[in-house]
Amino acid sequence: MSASILWFRRDLRLRDHPALLAAAADGPVLPLFVLDPALWGTSGDVRRAFLLRTLRALDADLRRFGPGLVVRSGRPESVVPALVAEVAAQAVHVSADFGPYGAARDARVEEALGDVPLVRTGSPYAVAPGRVLTNDGRPYQVFTPFHRAWVDHGWRAPAESDPASVDWVGAPSEDLPAEPDVSGVDLPEAGEAAALARWTAWRGTPYDDVRDRPDLDATSRLSPDLRWGTIHPRTVLADLDARNPHAATFRKELAWREFYAHVLHHWPSSAREYFRPELRGLPYVTGAELEHRLDAWTQGRTGYPIVDAGMRQLLAEGWMHNRVRMIVASFLVKDLHVEWQHGARHFMRHLVDGDLASNQHNWQWVAGCGTDAAPYFRIFNPTTQGKKFDPDGGYVRRWVPELTDPSVGTYPEPIVDHAEQRAATLEAYQLLRRHGG
DNA sequence: AGGTGTTTCTG
DNA sequence: AGAAACACC
């Protein structure tokens, strides 16, 4: 018997897989979920729980069509040779999704596969990272021209794939880790069916004028599904009519996700390093003061209601409204003078939608050191932002109940004075510019 | 995807 | 007085 190996590295989707369906025509398919220990080890309990639920939901999907699913742990580069040794005699194809981690890493994976033919099932993007380039073949560093070129490039319609037509083989996923105890945490339902239901229930609702209002909770909540691949952006894009302003704005948000995947693909080191290193020389806090500030920020006890509401939502749901993400990030970097990597790490640990490309580059955007970054002097005022985007205070009251009900607890005094810290940040920035960093 | 202080316009 | 425009960070 010959089997195709379907290797899900980061994108777990089953639908929109024409290459998989073509491979399946040559023989049964052995799905392999790779749980990267690096990903697993840096994830908090909420993120782990959601990932496991996603895997289990997909496992259940597969069991309807075949004997089961193989799950292995290990770095892709090391697990693939072991797997190939196990089934080399049977393998016809290996299907692999390539994330936005750069051509060097992809090349290592291909090398590990040796002579086993590789079926590229495509990326979890409408346009694969690396495909959208300027006329002279260079990668875009600014969103607006990228967006135009991305739309011009276009994407195919989603595949009319039917997992029932795939002949799945493999062993049950008994070696899935146990799910951490997350009782009391409000997690979305995981899996493809839930993702599709989420999308069809949400699409067509107002977006353009309410997407910045965390109190209205009007966003799609599709980010965990896009992250783990339980829905494909092409499925979403096919349902959008760009003549509708709501749809056009939403499509632009999908384009931001593709833009940052593209940036990480071309500059893999930007996941850790400053894309523009000029701002590395700013006076960021270290040592005990760093720990103290990070602690107050992560626990939602900074004394700024909109910041604390967001940080508490993150711990409670593994998710935070996008407008609030920008506010808390700006506050950490520009009011608390903490280097952006600390905040990015906390987000990746807890967000159920945490994606390396989007997360790191949005943090770099806020810090002013990324591609197409906000100018460094753009500093959010947490009070003004709260008034503007949570005008009735509904969001803040939900997550910071002690503001209106003192029996719940005592709300802390502001950890720093925003006006003072804003002035200090601008002064440090000017010093840096004068002395050339 | 901003904020702030100042000037200018408007009713 | 308040909105809108502007310059600068």
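Computed from a predicted structure; not experimentally measured. Throughout, protein chains are lettered first and strands after them, A, B, ... in sequence-line order, and every chain is numbered starting at 1.
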S.K.: Measure the distance from CD1 on Ile327(A) to P on dG2(B) and round it to the nearest whole Å.
M.R.: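 These atoms are roughly 10 Å apart.
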S.K.: Measure the acute angle between the ring planes of Phe143(A) and Phe146(A), then classify it against the limits of 30° and 60° as parallel, tilted or perpendicular.
M.R.: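 Answer is tilted, since the angle falls between 30° and 60°.
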S.K.: Let me know the distance between CG of Asp335(A) and P of dG2(B), rounded to the nearest Å.
M.R.: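 After rounding, the reported distance stands at 16 Å.
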S.K.: Look at Gln385(A) and dG3(B) and indicate whether a side-chain polar atom (N or O) is within less than 4.0 Å of OP1 or OP2.
M.R.: yes
S.K.: So that I know where these two stand, are His346(A) and His342(A) an aromatic pair - ring centroids less than 6.0 Å apart?
M.R.: no
S.K.: Find the distance Phe377(A):CZ to dT4(B):C1' and express it as a whole number of Å.
M.R.: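 In whole Å, dT4(B) C1' lies 13 Å from Phe377(A) CZ.
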S.K.: Quick one: Gln364(A) CD to dA1(B) C1', roughly how many Å, whole number?
M.R.: 16 Å
S.K.: Rounding to an integer number of Å, can you tell me how far Asp372(A) CG sits from dG2(B) P?
M.R.: 14 Å
S.K.: If you only use heavy atoms from C-beta on, which nucleotide in dG2(B), dC9(C), dG3(B) is closest to the side chain of Gln430(A)?
M.R.: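 That would be dC9(C).
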S.K.: May I have the distance from Lys387(A) (atom NZ) to dG3(B) (atom P), rounded to whole angstrom?
M.R.: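 It works out to 12 Å between those atoms.
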S.K.: Does Arg323(A) pair with Asp212(A) as a salt bridge, N-O distance under 4.0 Å?
M.R.: yes
S.K.: Assess, by modelled atom type and distance only, whether the side chains of Trp199(A) and Asp239(A) contain a donor and an acceptor separated by less than 3.5 Å.
M.R.: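 Checked: Trp199(A)/Asp239(A) side chains pair up, N/O donor to acceptor below 3.5 Å.
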S.K.: Would you mind classifying the nucleic acid contact of Arg325(A) as base, sugar-phosphate or nothing, using non-hydrogen atoms under 4.0 angstrom?
M.R.: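 No contact.
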S.K.: Between Asn381(A) and dT4(B), is there a side-chain N or O to OP1/OP2 distance below 4.0 Å?
M.R.: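 Indeed, a polar side-chain atom of Asn381(A) lies that close.
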S.K.: Measure the distance from NZ on Lys388(A) to C1' on dG2(B) and round it to the nearest whole Å.
M.R.: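 Roughly 8 Å, once rounded to whole Å.
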S.K.: Under 4.0 Å, heavy atoms only, any strand: does Arg323(A) hit a base, just the sugar-phosphate, or nothing?
M.R.: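 Counting heavy atoms under 4.0 Å across all strands, the contact made by Arg323(A) is with sugar-phosphate only.
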S.K.: How many whole angstroms separate atom NE2 of His418(A) from atom P of dG3(B)?
M.R.: 8 Å
